[in-house]
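Following: one structure in C-alpha cells, then a few remarks.
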Amino acid sequence: MEYDAVIIGSGPNGLAAGIELAKNNFKVLICEAKESIGGGLRSGEIISPGFNHDICAAVHPTARLSPFFKQLPLDKYGLKWIHPDYSLAHPLENQKAVLLKRSILDTAADMGADNKSWVDLFTPLINNGDDLLFDTLGPLRIPRNKRTFLNFGIKGLLSANYFSDLFFKEERAKALFMGCAAHSILSLDKFFTAAVGMMFVVQGHLTNWPVVEGGSVNLIRAMSKYFQSLGGEIQTSMHIRRYEDLPISKTYLFDTDPRQLAEISKNQLPKNYLKKLSKYSYGPGVFKLDFTLSDSIPWNDENCLKASTVHVGGSANEIIVSEKNMWNGLHSEKPFIIVCQQSEFDSSRAPQGMHTGYAYCHVPHKSTKDMSKIIIDQIERFAPGFKKNVIALRKSNTADLATYNPNYYGGAITGGTADFTQLFTRPVMKLDPYSTPNSKIFICSASTPPGGGTHGMCGYYAARSVIKRLKR
C-alpha cells in the first residue's frame, strides 16, 4: 500500500504532523518502535501499583497555549486540563516563597522595589500573548505582530544574567526570573537565555501551568484518537532501522533526532548534509528522580503546594553557578532542580492521602553520576521532613533516558542545544529547516524550530512543508 506520508515516531510532534496531513486529506501512517505511542508523554505505574507517574513530562503550559493544539477538538477525545492555583513557586531561605501567578499585578505585588519593573516589562507581552506565541513558536519568518516581536526579541537577545541585573534590583524577582531562564539548559551568561526566561514568565501570566487529568499520556491518546478519526493509521512495535524497512510512501517525516535520521537514511542523503547532521550539538542532559510519597512535600512555605511546579535552587546567584557548572561539564553540589507535584491537583495519580511526583536537575552530556542524594538534600533544604515521606524512588540518568527515548541522546530532553547557533537553524542552516536535500525526506522532531516543549509546532510546520511538496 502506498501512503502520502509515513512518520517515524509517535511523540507529540509526530502526531501533530500526522494530524495536519490527515486534515488535508492525505493518507498517513505513523510508525512507532515501542509497544505504545507517546514519546516523552507516556505515563504509568513505573514504581508501585496504584501510583501513576509521568515518565518524562508532566506540566504543559506550552501545550495549553499552543497555536496548533488550540485548533484541535481534543476535549472531545478525552483530554481534560487541570490548572493549579499558581504556575510556579520558588522557595527562598528565611523568607516566603516567590510565586508566579496568573495575575501580573498579584505577582508583582510581592516583588518589593521591582513591582513596577515587572509590570512594565511583561504587560505589553501579555496583552499580545497570542501573537507572541504564534511568532515565536515556529521557524524564523516575518512576525504577525512586529512591535511585540521586536519588544520581545531585542530584550530576549540578552543573557539572563545581564537581563536580570539590568531590570531588577531585589532577590525575589531575580530568583524567579533566573529559574525560568534555567529551563534553557544553557549557561545563563549566554545570549538568548533571557528569551527563555521571558517566555516562561509570559506563559505563567497567560495560564496557570496545567497537568493532564489521568497522566500526560491522555494528551497523546486524545491526539491519536483524533488522528485516527481523520483516517490516519498507527503501527506500534515497528522499529525502523534501515530506510529499506519503510513502507512505500511519497514522503517520510522523521520525529527523531538528527543522529537517527542520518543512520536510517545514510544512503539517501548526500555526504555533506550527513556531515552537518553529525555536528549537531545536543548539549547537557538531566538526571531525574520519580518518587512516591506518604504525604505532601512539607515545604517551609505551604503556598508551594498550590503550584504545579517548584523551582528549587535558592538565590539567583546559586542558579547561575549551578547552570554554569553543568555547562562546563561539572556536577553542582547545590543544583537547580525542577520539582513537579501532579498529584496535588489530580487525585487519580495516587492512593488517597499519598502522592507522586518527580524532580530533575541538569547534568553534563552523557553524565553517569548518581545525583539522587544531592537532589533529595536540596529539596530537604526547603522542605524539612521530605526524606521521611519518600516511600520509593526511581532513578533515571542520561543513559536511562536515552534508552527510554532515543531522541534524548546523552540525556538531552529538549532535542538539542537551543543557543544562538541552533535556535532557528536546527538541525542545519536551511531556508526550510524541516526539509532535507532528498525531496522525499523531512524531519519534524524537537530538533527543528521552535525546539523542545510539548506544543506540536515542529510537527505542524514540517507537515506544511510536506504538503507543499505533495501538491507540486
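Quick note: numbers below take in every heavy atom, side chains included, and nothing from hydrogens, waters or symmetry partners. Since the structure is predicted, the reported quantities are computational estimates derived from the model, not experimental observations.
Between the CG atom in Asp106 and the CG atom in Leu100 there is a gap of 11.5 Å [rounded to 0.5 Å]. Here the OG1 atom belonging to Thr309 is positioned 13.0 Å from the NE2 atom belonging to His90, to the nearest 0.5 angstrom.
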Point to revise | Step-by-step salt bridge (charged side-chain N to carboxylate O under 4.0 Å, His left out) determination, Asp85 to Arg102 | key: CA-CA 8 Å; Asp85 293 340; Arg102 176 75 180 273; over 6 Å; no
Exercise for review: Go through the steps to decide whether Asp110 and Thr107 satisfy the test side chain to side chain contact (heavy atoms under 4.5 Å, CB included), and finish with yes or no.
Suggested key: CA-CA 6 Å; Asp110 204 27; Thr107 300; over 6 Å; no
Check your understanding: Could you walk me through whether Glu170 and Met111 pass the side chain to side chain contact (heavy atoms under 4.5 Å, CB included) check?
Key -> CA-CA 8 Å; Glu170 298 187 1; Met111 297 291 188; over 6 Å; no
Point to revise | Residue pair Tyr434, Phe442: steps toward the ring pair (Phe, Tyr, Trp, His ring centres under 6.0 Å) verdict | key: CA-CA 5 Å; Tyr434 312 97; Phe442 297 78; 9.0 Å; no
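For Lys80, the NZ atom sits in a loose shell: 12 or fewer heavy atoms of surrounding residues, nucleotides or ligands are nearer than 6.0 Å. Around NZ of Lys266, the count of heavy atoms belonging to other residues, nucleotides or ligands within 6.0 Å does not exceed 12. A 6.0 Å sphere centred on CZ of Phe424 holds more than 12 heavy atoms belonging to other residues, nucleotides or ligands. Within a 6.0 Å radius of NZ in Lys76, other residues, nucleotides and ligands contribute 12 heavy atoms or fewer. Surrounding CD of Glu302 are at most 12 heavy atoms belonging to other residues, nucleotides or ligands under 6.0 Å away.
Contact check for Thr425 versus Pro433: no side-chain heavy atoms found under the 4.5 Å cut-off. At a threshold of 4.5 Å between non-hydrogen side-chain atoms, the residues Leu293 and Thr356 do not count as touching. You'll find the side chain of Glu45 stays beyond 4.5 Å of the side chain of Phe51, heavy atoms only. Looking at heavy atoms from C-beta onward, Lys23 lies in side-chain contact with Gln71 at the 4.5 angstrom threshold. You'll find the side chain of Thr436 stays beyond 4.5 Å of the side chain of Ser265, heavy atoms only.
A salt bridge does not link Asp377 to Arg381: none of the charged nitrogens lies less than 4.0 Å from a carboxylate oxygen.
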Just list the side-chain donor-acceptor pairs under 3.5 Å for residues 210-222, sequence neighbours left out, or say none.
from, atom 1, to, atom 2, distance (Å)
Ser216, OG, Asp54, OD1, 3.4
Ser216, OG, Ala57, O, 2.8
Ser216, OG, His60, NE2, 2.8
Asn218, OD1, Arg221, NH1, 3.1
Asn218, ND2, Glu213, O, 2.8

N/O donor-acceptor pairs under 3.5 Å from side chains in residues 237-244, not counting sequence neighbours:
from, atom 1, to, atom 2, distance (Å)
His239, ND1, Arg241, NH2, 3.1
Arg242, NH2, Asp245, OD1, 3.2

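The one candidate from Ile443, Leu29, Thr256, Leu253 that meets the side-chain contact (heavy atoms from CB on, under 4.5 Å) condition with Ile8 is Thr256.
For residues 194-205, the set of pairs meeting the side-chain hydrogen bond (donor to acceptor under 3.5 Å, both in side chains) definition, not counting sequence neighbours, comprises Thr62-Gln203, Trp118-His205. Applying the ring-ring contact (aromatic ring centres under 6.0 Å, His included) test to every pair with at least one member in residues 379-417, sequence neighbours left out, gives these pairs: Tyr282-Tyr409, Phe291-Phe386, His365-Tyr409. Note on residues 222-232: pairs passing side-chain hydrogen bond (donor to acceptor under 3.5 Å, both in side chains), not counting sequence neighbours, are Tyr77-Ser229.
Geometric assessment of Lys395 against the ring of Phe287 yields a negative cation-pi assignment under the 6.0 Å and 45° thresholds.
Every residue two or more places apart in sequence or in another chain that forms a side chain to side chain contact (heavy atoms under 4.5 Å, CB included) with Ser296 is listed here: Leu305, Glu344, His355.
Taking the ring centroids of His311 and Phe336, they lie under the 6.0 Å cut-off. Under the 6.0 Å cut-off for aromatic ring centres, His362 and His183 do not qualify, their centroids lying 6.0 Å or more apart.
Remark: the Gln422 side chain and the Asp419 side chain contain no N/O donor-acceptor pair separated by less than 3.5 Å.
Of all the heavy atoms in Ser249 and Tyr252, the pair that sits closest is N-OH, 3.1 Å.
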